[in-house]
Visitor: 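Before I ask anything, here is the structure I am working with.
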Amino acid sequence: MASEVLAKPQIRGLLARRLRIHMVGAFLVSLGVAALYKFGVAEPRKKAYADFCKNYSPEIDFEEMKKAGIFCSIR
């Protein structure tokens, strides 16, 4: 057992190799998070705004606010 020699650790290029692996991983994670945000938050929000604008009537909204008593000077 005393005659066994341990292999020297590979130090040269270790940082560059590990950094390359971590950069690829970080890039893939960021792409995943961006896709989840786009399809989980941004697209439903845009659809909700589009539906609101399609069905919105300012005259009906004004009449509802008038009935609720928001505008005191208008009867």
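The chain is numbered in sequence order, starting from 1.
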Visitor: With sequence neighbours excluded, what pairs up with Lys67 under the salt bridge (Lys or Arg N to Asp or Glu O under 4.0 Å) test?
Guide: none

Visitor: So which pairs with a foot in residues 56-65 pass salt bridge (Lys or Arg N to Asp or Glu O under 4.0 Å), sequence neighbours left out?
Guide: Glu63-Lys66

Visitor: Mind checking side chain to side chain contact (heavy atoms under 4.5 Å, CB included) for Arg12 and listing every partner two or more places apart, or none if nothing turns up?
Guide: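 Side chain to side chain contact (heavy atoms under 4.5 Å, CB included) list for Arg12, sorted by chain: Gln10.
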
Visitor: I'd like to check the side chain to side chain donor-acceptor pair (under 3.5 Å) partners of Lys47; sequence neighbours left out, ordered by chain and number.
Guide: Asp51

Visitor: Once side chain to side chain contact (heavy atoms under 4.5 Å, CB included) is applied, do any residues pair with Val41, and if so which ones, sequence neighbours excluded?
Guide: Tyr37, Arg45

Visitor: Under the side chain to side chain donor-acceptor pair (under 3.5 Å) test, which residues partner Lys8, sequence neighbours left out?
Guide: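 Expected list: none.
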
Visitor: Which hydrophobic side chains are connected to Phe39, either touching it within the sub-4.5 Å cutoff or through other members that do?
Guide: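 Traced through the cluster, Phe39 reaches no other member.
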
Visitor: Tell me, which pairs form a side-chain hydrogen bond (donor to acceptor under 3.5 Å, both in side chains) where one or both residues lie in residues 13-28, sequence neighbours left out?
Guide: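 Every candidate side-chain hydrogen bond (donor to acceptor under 3.5 Å, both in side chains) pair involving residues 13-28 fails, so no pair, neighbours aside, qualifies.
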
Visitor: Starting from Ile11 and following side-chain heavy-atom contacts under 4.5 Å between hydrophobic residues (I, L, V, M, F, W, Y), which residues can be reached?
Guide: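 Traced through the cluster, Ile11 reaches no other member.
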
Visitor: Report the hydrophobic cluster partners of Met23, with the cluster defined as I, L, V, M, F, W, Y residues connected by side-chain heavy atoms closer than 4.5 angstrom, directly or transitively.
Guide: Leu19

Visitor: For residues 24-44, which residue pairs pass the salt bridge (Lys or Arg N to Asp or Glu O under 4.0 Å) check, not counting sequence neighbours?
Guide: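 Found Lys38-Glu43, Glu43-Lys46.
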
Visitor: Which other residues end up in the same hydrophobic cluster as Tyr56, if Ile, Leu, Val, Met, Phe, Trp and Tyr are linked when side-chain heavy atoms come under 4.5 Å apart?
Guide: Phe52

